[in-house]
Asks: 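To start, I am sharing the structure in question, which I have written as structure tokens.
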Protein chains: 2
Amino acid sequence: MCPPAMTLSTPVPLADHRACPVTDVLHRVGDRWSVIVIVLLGEKPFRFNELNRSIEGISQRMLTRTLRGLEHEGLVSRNVFPTNPPGVEYTLTALGESLLEPLSALTRWALEHHEELAAKP
Amino acid sequence: MCPPAMTLSTPVPLADHRACPVTDVLHRVGDRWSVIVIVLLGEKPFRFNELNRSIEGISQRMLTRTLRGLEHEGLVSRNVFPTNPPGVEYTLTALGESLLEPLSALTRWALEHHEELAAKP
DNA sequence: CGGGATCCTGGATGATACTG
DNA sequence: CAGTATCATCCAGGATCCCG
């Protein structure tokens with residue numbers, strides 16, 4: 001790696017994911033929840049429990065971890081409103097929104113071809 | 001999920017990955033090696049050990065498993081030549097090649113923005 | 001409401017050695 | 001050359017309880 005800017009085949013050290021931007025990004029976003037959160041936040045801002053309810057199957061713990069991770073990477077921003085009771089709103093950063101587009105390319109492919117993918121379980 | 005074909009926010013059951021094509025695809029391809037293999041095979045056919053040498057850090061075991069997985073999903077095809085010594089060549093299927101395009105969208109994003117991603121380790 | 005802390009499990013991955 | 005087999009390890013993820 002890494003394609004297509006770098007010449008492939010000509011070996012490039014990639015001991016860990018960070019050596020390759022593509023693999024790196026996939027590892028940050030390729031987990032079970034990140035993409036779902038990003039796409040949801042691409043629609044509108046969400047509150048914590050609002051997200052928790054919208055994403056079936058996610059645990060509080062993983063939602064917290066996912067949001068913290070995305071926030072830490074600069075894809076999501078966390079805005080606290082000192083109301084009563086306190087409210088926390090999550091939105092995409094500009095960087096996060098820019099990811100929406102390439103993600104939708106994958107989304108389209110998935111919707112168009114997922115039936116062709118053989119051997120589910 | 002699942003965007004954008006389905007209305008987001010309006011909860012859709014996604015107990016496991018298979019409930020959402022996008023998440024499903026990300027889970028099949030979002031592992032540590034699959035994308036690398038796919039992109040490499042997008043360039044030209046590869047032999048087993050050729051791949052093994054081209055992908056730094058991969059173990060024989062994981063290369064085997066990754067190839068088997070991709071083959072099983074119909075993204076990669078395995079062609080055996082009963083020569084001496086026997087040779088095995090891996091190529092992308094049509095489906096596999098079709099994945100190359102959306103993948104390159106992510107690739108471009110990664111190359112353009114990976115520096116903006118904060119907090120490596 | 002919006003989390004944090006703790007314990008635990010399975011699956012993904014690696015190292016090493018062996019084989020047709 | 002192209003794998004298989006075995007054992008060990010690591011970490012995402014779930015369950016549960018607690019807190020301001």
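Below, chain A is the first sequence line, B the second, and so on; all start at residue 1. What you see below is based on every heavy atom in this structure, not just the backbone, and it leaves out hydrogens, waters and symmetry mates. Given the structure is predicted, the values throughout are model-derived calculations rather than measurements.
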Asks: For B:E50 and B:R47, indicate whether the former's side chain and the latter's backbone hold a donor-acceptor pair under 3.5 Å.
Replies: yes
Asks: Which atom pair, heavy atoms only, marks the closest approach of B:G42 to B:L100?
Replies: CA-CD2, 3.7 Å
Asks: Any side-chain heavy atom of B:V88 within less than 4.5 Å of one from B:F81?
Replies: no
Asks: Over how many whole Å does the gap from A:L63 atom CG to C:dC1 atom C1' extend?
Replies: 13 Å
Asks: Let me check the geometry of the helix from C:dC1-D:dG20 to C:dG20-D:dC1. What is the bend angle between the axes at its two ends, five pairs each, to 10°?
Replies: 50°
Asks: OP1 or OP2 of C:dG2 sitting under 4.0 Å from any side-chain N/O of A:R47?
Replies: yes
Asks: Roughly how far, to the nearest 0.5 Å, is the CG atom of A:L99 from the CD atom of A:E73?
Replies: 10.0 Å
Asks: Take atom CG of A:N49 and atom P of C:dG3, then tell me their distance rounded to the nearest Å.
Replies: 9 Å
Asks: Under the side chain to side chain donor-acceptor pair (under 3.5 Å) test, which residues partner B:E112, sequence neighbours left out?
Replies: none
Asks: Taking C-beta and beyond as the side chain, do A:I58 and A:N52 meet within less than 4.5 Å on heavy atoms?
Replies: yes
Asks: To the nearest Å, give me how far apart CZ (A:R53) and C1' (C:dG2) are.
Replies: 12 Å
Asks: Base, sugar-phosphate alone, or nothing: which one does A:D31 contact when heavy atoms must sit under 4.0 Å apart?
Replies: sugar-phosphate
Asks: Classify B:Y90 by what it touches in the nucleic acid, base, sugar-phosphate, or nothing, heavy-atom distance under 4.0 Å.
Replies: sugar-phosphate
Asks: Sequence neighbours left out, cut at 3.5 Å: what donor-acceptor pairs do the side chains of residues 59-66 of chain A make with other protein atoms?
Replies:
| unit_1 | atom_1 | unit_2 | atom_2 | d |
| --- | --- | --- | --- | --- |
| A:S59 | OG | A:M62 | N | 3.3 |
| A:T64 | OG1 | A:Q60 | O | 2.9 |
| A:T66 | OG1 | A:M62 | O | 2.6 |

Asks: What is the separation between atom CD on A:E50 and atom P on C:dG3, rounded to the nearest whole Å?
Replies: 13 Å
Asks: What's the CZ-C1' distance between A:R78 and C:dG4, to the nearest Å?
Replies: 12 Å
Asks: Can you check nucleotides 15-20 of chain C for protein contacts, nitrogen or oxygen pairs under 3.5 Å, and list what you find?
Replies:
none

Asks: Any ring pair (Phe, Tyr, Trp, His ring centres under 6.0 Å) pairs touching residues 86-107 of chain A, not counting sequence neighbours?
Replies: none
Asks: Return the value, rounded to whole Å, for the distance between atom CZ of A:R32 and atom P of C:dG11.
Replies: 12 Å
Asks: What is the 5' to 3' range of DNA chain D, first to last nucleotide, that sits under 4.0 Å from any heavy atom of chain A?
Replies: D:dA12 to D:dA15
Asks: Do B:L117 and A:L75 come close enough that some side-chain heavy atom pair is under 4.5 Å?
Replies: yes
Asks: Can you tell me how far P of C:dT13 sits from CG of B:L67, to the nearest Å?
Replies: 13 Å
Asks: Do any N or O atoms from the side chain of B:S104 and from the backbone of B:E101 form a donor-acceptor pair under 3.5 angstrom?
Replies: yes
Asks: When you measure from the side chain of A:S77 to the backbone of A:T93, do you find a donor-acceptor pair of N or O atoms at a distance under 3.5 Å?
Replies: no
Asks: Taking NE2 from A:H27 and P from C:dA12, how many angstroms apart are they, rounded to a whole number?
Replies: 12 Å
